[in-house]
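The structure appears below as structure tokens.
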2 protein chains.
Amino acid sequence: MTIADRRERDRQMRRDSIVEAAEKLFFSKGFAATTMDEIAEAAELSKGTIYLYYKNKEEIYVAIVHRGMQILIDLFRKAIASASTGMGKVKALGQAMFTFYERHPRHFTAVFYHHESPSVGPLDVDINDPVVKELVRDGDELYAFSADAIQGGIGDGTIRPGVDPIKTTYVLSSMILGLIRTVAVEEQFLRQKFNLTVKDLLQEAFDLIEHSLTAHR
Amino acid sequence: MTIADRRERDRQMRRDSIVEAAEKLFFSKGFAATTMDEIAEAAELSKGTIYLYYKNKEEIYVAIVHRGMQILIDLFRKAIASASTGMGKVKALGQAMFTFYERHPRHFTAVFYHHESPSVGPLDVDINDPVVKELVRDGDELYAFSADAIQGGIGDGTIRPGVDPIKTTYVLSSMILGLIRTVAVEEQFLRQKFNLTVKDLLQEAFDLIEHSLTAHR
DNA sequence: TCATTAATTGACTGCGAGTCATTAATTATG
DNA sequence: CATAATTAATGACTCGCAGTCAATTAATGA
């Protein structure tokens, strides 16, 4: 028992040290430009060994997406805990998304672009891979955080009763995400050409959103 | 004169027929899975010849992005012409974006994901390539359509005076784009799990946006 | 101690992007 | 019209890398 257990623990540590090594390389020189030999060398393993732990290069990438997802979920948990009203939680979640981008830009990219990267045409991922399954569950969890916050906001009166929590979750998250993506691509351009900062844009968007969720008149 | 002219025309036709062939292949089996030999065969040329017209595989991809951009610009022109008020034009532009996604989903993806695809880490394009330069100009033109429409709306009273045309253009376009991207990825999931259609979500978003741009009370 | 099983290795294969010396087609020149 | 000069096209080749597998080494059990 203990023996098989330790094996399993060792195996997990190896997997971790491989992603660790790969992550540094992918993030500094890109997925395509990183070779399996480089990953092997950085992980102090031979190339063959890497393949005992991951089916191929893409599967390592998926593991990195998964790590990013954990970071984001953690930020979301803290966001939810940081506010007491429904509306407050919704705003904190939006803020958390932006924090994720600011503090972990490469993970942000990995998480939100993996449907198209790395090799144009969706990453063809093995739906039976447990990591992939967990990724899907994690995605659901993310949406649930928001839907619950909206629902709570309707209960505590900080969000107007008419809004549909699910629909609104999708609309809001997509919008915030879209905004951050644009900013990610055009940040310096916006600053130079229009003297617009990221905060300006986000403030504008948050105002618009808050405005649309509260009752007026 | 006529002689060099014809050479130039021929050259352009060749380039076109190469993208044409590549586009079909990329769109059906993906960028990574398509080989230069296949492109050559489909274009009825030898591989070496392809390289006389395009520096490499990515440059062909950029040409496809460019084509997509032309389609979108065209849709935007028609959208602007289709409405008379500023607010009407803004809505028509949002609608045009969605039409682009619906009618040309692969071009949509090419245009809006090329910053990350094809090989994780931005496509490293040659900034001196005339096609790339035009792409940048085209991007500016797209934003100008929207900024002008908002400006016009303020003039004709269909949009409230407080809004900043540039800022709003960025916020709105990013939001709409984000929404369509989400829908692109999760369309069948949304329908199955929540019985939500794309139109529902877009309607919700459009309402929200319209609401935020008009004067109330 | 030695047999069995598990983990690791790196030389090897196959494939595909990009090159380049050679050949073919066009155009200019006498 | 002949042939020189220029331009276009070819495909066999190189080179690098993802992924494999027979051979080796380490760990565990009898």
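Protein chains get the first letters and strands the later ones, always in sequence-line order, with residue 1 at the start of each. The shown structure was predicted, so the numbers you read here are calculated from the model rather than taken from an experiment.
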Distance from A/T34 atom OG1 to A/K24 atom NZ, nearest 0.5 Å?
-> 13.0 Å
B/K193 bridged to B/E186 by N-O distance under 4.0 Å | no
Identify the nucleotide, in any strand shown, that forms a Watson-Crick or G-U wobble pair with D/dT10, with both distances under 3.5 Å; if there is none, say none.
-> C/dA21
Distance, rounded to the nearest Å, where B/I50 contributes CD1 and C/dT19 contributes P = 14 Å
Just by modelled atom types, is the A/L142 backbone N or O under 3.5 Å from a matching donor or acceptor in the A/S146 side chain?
-> no
Is there side-chain contact between B/F98 and B/K199, with at least one heavy-atom pair below 4.5 Å?
-> yes
Taken to the nearest whole Å, CD/B/E41 to P/D/dA9 is 18 Å
Would you indicate whether A/E41, at its atom CD, is surrounded by more than 12 heavy atoms from other residues, nucleotides or ligands within a distance under 6.0 Å?
-> no
So which nucleotide does D/dG16 pair with, by the Watson-Crick or G-U wobble rule with both distances under 3.5 Å?
-> C/dC15
Would you classify A/R11 as touching base, sugar-phosphate or nothing, given that sugar-phosphate means primed atoms plus P, OP1 and OP2, and contacts are heavy atoms under 4.0 Å?
-> nothing
Within this structure, what is the CD1-to-C1' distance between B/I60 and C/dG18, rounded to whole angstrom?
-> 12 Å
Could you state the CD-P distance from B/E38 to C/dC15, rounded to the nearest angstrom?
-> 13 Å
Has the side chain of A/K91 got a donor or acceptor atom that lies under 3.5 Å from a matching backbone atom of A/E210?
-> no
State, yes or no, whether a side-chain contact exists between A/L72 and A/F112 at a heavy-atom distance under 4.5 Å.
-> yes
For A/Y53, which contact category applies under a 4.0 Å heavy-atom criterion: base, sugar-phosphate, or nothing?
-> sugar-phosphate
Please tell me if the side chains of B/I209 and B/I176 come closer than 4.5 Å, counting only heavy atoms from C-beta onward.
-> yes
Rounded distance in Å - CD1 (B/I18) to P (D/dT10) | 10 Å
State plainly whether the residues B/R14 and B/D10 are in salt-bridge range, i.e. N to O under 4.0 Å.
-> no
Residue-phosphate contact under 4.0 Å: B/R14 side-chain N/O, D/dA9 OP1/OP2 = yes
For B/L45 and C/dA25, give me the distance from atom CG to atom C1', rounded to whole Å.
-> 14 Å
For nucleotides 28-30 of chain D, give me every protein contact, N/O to N/O, under 3.5 Å, one pair per line with atom names.
from   : atom 1 : to   : atom 2 : distance (Å)
D/dT28 : OP1    : A/R6 : NH1    : 3.3
D/dT28 : OP1    : A/R6 : NH2    : 2.7

In the 5'-to-3' direction, what one-character label does each nucleotide of nucleotides 17-25 of chain D receive under the scheme B = base within less than 4.0 Å of a protein heavy atom, S = sugar-phosphate only, - = no such atom?
-> SBBB-----
Whole Å only: how far is the NZ atom of A/K29 from the P atom of D/dG16?
-> 13 Å
Rounded to whole Å, CD of B/E59 lies from C1' of C/dA17 at a distance of 15 Å
